[in-house]
Amino acid sequence: MKRRIACACIIALATGLAAGCAGKTGGGTDSDNPTVIEIETYYNGAAKIALDELVEEFNNTVGDEKGIFVKASSSGDMSELFQNLNDELEKDAKDRDLPDIFSCYGSNALEFEEEGLLADLDDYFTKDELSEYVDEYIEEGRVGKDNALVVFPIAKSTEVMTINKTDWDKFAVDTGADLRQLSTWEGLTDTAEAYFEWSGGKALFGRDAFANYMLAGAHQLGEDMFDIKDTDVSISMDKDVMKKLWDNYYVPYVKGYFTSIGRYRSDDMKTGDLIVAIGSSSGGSYYAQEVTVGDDDPYPIETMVMPVPNFEGTDPVVTQQGAGMAVVKTDKEKEAAAAEFLKWFTDVDANSRFSMASSYLPVKKSSNDMESLEKIVEKNKIEWNDIVRDTIEVGFEECNTYELYTMTPFKGSDNCRHIVEDSLQNKAAADRETAKGLMETGKTLEEAVSGLVTEENFETWYNELSTQLREAVLS
């Protein structure tokens, strides 16, 4: 990372000289010898392009005026970034080579905060400034025993449901299926069964980030899976709650009503293996606009976006997600420069433009609705993808009417989340293969699943998950 900083200094110096030749004087402390801020993210695709363009704009305007030069780079994906950061954390303090700002979640920031490596951004934002941001986004960034603001929100996301309406309409015309049935998990399960029978054995639905279903679902049903008091963590798994989660995912999955085939469910929609999927609102630019089934020619589809379902009789809950930015503790000048960039990037105009390009949600209250975004569209003469627009609109609807859920970080919380992510999902996939094998021997679907969708099988899974999580919390 030091080599990158050296490179950035050369670029910054060249930029400053070029600006001087062009007649810019710069109003900052020293625009010819700027404070260099290195940012490391996991962005790729549209998000990376949008960030790079905004960083260049900052450097040529506010950065030039205030003597700040920002250089952004990406590790390629989230897991690679976090692995690189953890590798640095394990080194001796004198050998660590961290960027000045990096993307992270509260769980990633926890160990850095415990070692005193992160700047408390309360020192650089006034209370009035912080009050401009969505309250839940700021609170999510408060980590550690001192509740310091060490993860700053720069773009958020939630989950949305996408529907291949072209193929849904064929199903609806024949069966009378109503999209309103998809507003509850119970209705979705029943509809998936009807679709399976109508389509001759095809799955209707799949989802990404299975842990979100488990964690937010348990919370919605009145039982957070992890009870956290100070540094003490205990497992809380009400059996009735877990059975409800089982009945509305494992059972339809084993029967073939739900599925997961590709890396993401958006991939499964592009191949026609699903017509309804739940994924991150930040993935709006990846949603299917055409479907290719086998070797057939692709055909265009209309894609519709809806809020995620809720359990019947509960208040609506949706997952709040999207990494923020942590500022590494260095010196006051660098920390202040980093905060200056975060203020600029999260202001309404820049943040809204980033959101429209990447399908993330802006973080200030004043930009958290479509009216605000439409003004930015008109002002900047922006043309944007209709699916991204619909995704953001539904994301706003959820964020303004649903309870926003996020898992409180604790030591080992990432490991616990991975266990929750894999436990029921992997069992459902394995048992579906068992059922398919039995059907190949001549058994009916009901005969094939009769030994799987049992109370005993649920109890076995429930006890195994409880044991795994308790061991993870104690380790």
[X] side chain to [Y] backbone, donor-acceptor under 3.5 Å:
| X | Y | result |
| --- | --- | --- |
| K365 | S131 | yes |
| D100 | E38 | yes |
| S372 | D369 | no |
| T391 | S281 | no |
| Q181 | D178 | yes |
| D224 | F226 | no |
| Q321 | S157 | no |
| S75 | Y42 | no |
| T271 | V293 | no |
| T184 | P309 | no |

Can you check whether [X] and [Y] have ring centres sitting under 6.0 Å from each other?
| X | Y | answer |
| --- | --- | --- |
| Y264 | Y286 | no |
| F354 | Y43 | yes |
| F102 | F112 | yes |

Salt bridge (Lys or Arg N to Asp or Glu O under 4.0 Å) partners for [X], two or more places apart:
| X | answer |
| --- | --- |
| E397 | none |
| K270 | none |
| E57 | R353 |
| D414 | none |

Sub-4.5 Å side-chain heavy-atom contact between [X] and [Y]:
| X | Y | answer |
| --- | --- | --- |
| F311 | L245 | yes |
| T314 | W185 | no |
| T292 | D297 | no |
| V327 | F152 | no |
| L438 | E447 | no |
| M407 | T319 | no |

Is it true that [Y] and [X] share a donor-acceptor pair across their side chains at a distance under 3.5 Å?
| X | Y | value |
| --- | --- | --- |
| Y253 | S260 | yes |
| Q83 | D87 | yes |
| Y133 | T346 | yes |
| N310 | Q220 | yes |

At their closest point, which heavy atom of [X] faces which heavy atom of [Y], and how far apart are they?
| X | Y | answer |
| --- | --- | --- |
| S107 | S413 | CB-OG, 3.5 Å |
| Y287 | S280 | OH-O, 2.7 Å |
| G106 | P409 | C-CB, 3.8 Å |
| I376 | S352 | CG1-CB, 3.8 Å |
| A218 | V241 | CA-CG1, 3.8 Å |
| V363 | S367 | N-OG, 4.4 Å |

Quick check for you: to the nearest 0.5 Å, what is the distance between [X] atom [atom1] and [Y] atom [atom2]?
| X | Y | atom1 | atom2 | answer |
| --- | --- | --- | --- | --- |
| E40 | L98 | CD | CG | 10.5 Å |
| T460 | L465 | OG1 | CG | 12.5 Å |
| L118 | I101 | CG | CD1 | 12.0 Å |
| I138 | F125 | CD1 | CZ | 7.5 Å |
| L221 | D240 | CG | CG | 10.0 Å |
| I261 | M269 | CD1 | CE | 13.0 Å |

Salt bridge flag under 4.0 Å for residues [X] and [Y]:
| X | Y | answer |
| --- | --- | --- |
| R389 | E393 | yes |
| K427 | E464 | no |
| R142 | E139 | yes |
| K156 | E136 | no |
| K343 | E340 | no |
| K244 | E186 | yes |

Give the intermediate values and the outcome of side chain to side chain contact (heavy atoms under 4.5 Å, CB included) for residues V70 and I39.
-> CA-CA 7 Å; V70 175; I39 300 176; 3.5 Å; yes
Does the side chain to side chain contact (heavy atoms under 4.5 Å, CB included) test come out yes or no for L117 and E88, once each step is laid out?
CA-CA 12 Å; L117 296 175; E88 294 299 324; over 6 Å; no
* Decide side chain to side chain contact (heavy atoms under 4.5 Å, CB included) for N212 and R417; before the verdict, give the C-alpha distance in whole Å, the side-chain angles of both, and the deciding distance to 0.1 Å. => CA-CA 9 Å; N212 287 347; R417 182 183 171 88; 2.8 Å; yes
Per ring pair (Phe, Tyr, Trp, His ring centres under 6.0 Å), F258 is matched among Y213, Y249, F196 by Y249
Ring pair (Phe, Tyr, Trp, His ring centres under 6.0 Å) with Y195: of F205, F171, W168, only one passes, and it is F171
State whether the number of non-hydrogen atoms from other residues, nucleotides or ligands found under 6.0 Å of K375 atom NZ is greater than 12.
-> no
- request: Take M225 and M242 through the side chain to side chain contact (heavy atoms under 4.5 Å, CB included) test and state the conclusion after the steps.
  value: CA-CA 10 Å; M225 292 179 67; M242 303 308 290; 4.1 Å; yes
**Prompt:** Does the pair F58 and F345 meet the rule for a ring-ring contact (aromatic ring centres under 6.0 Å, His included), with working shown?
**Reply:** CA-CA 8 Å; F58 174 84; F345 187 78; 9.6 Å; no
The complete set of salt bridge (Lys or Arg N to Asp or Glu O under 4.0 Å) pairs with one or both residues in residues 247-267, sequence neighbours excluded, reads D208-R265, K243-D247, R265-D268
T303 meets the side-chain contact (heavy atoms from CB on, under 4.5 Å) criterion, sequence neighbours left out, with T162, I301, I387
Would you please classify the geometry between the W246 ring and the Y250 ring as parallel, tilted or perpendicular, with 30° and 60° separating the classes? parallel
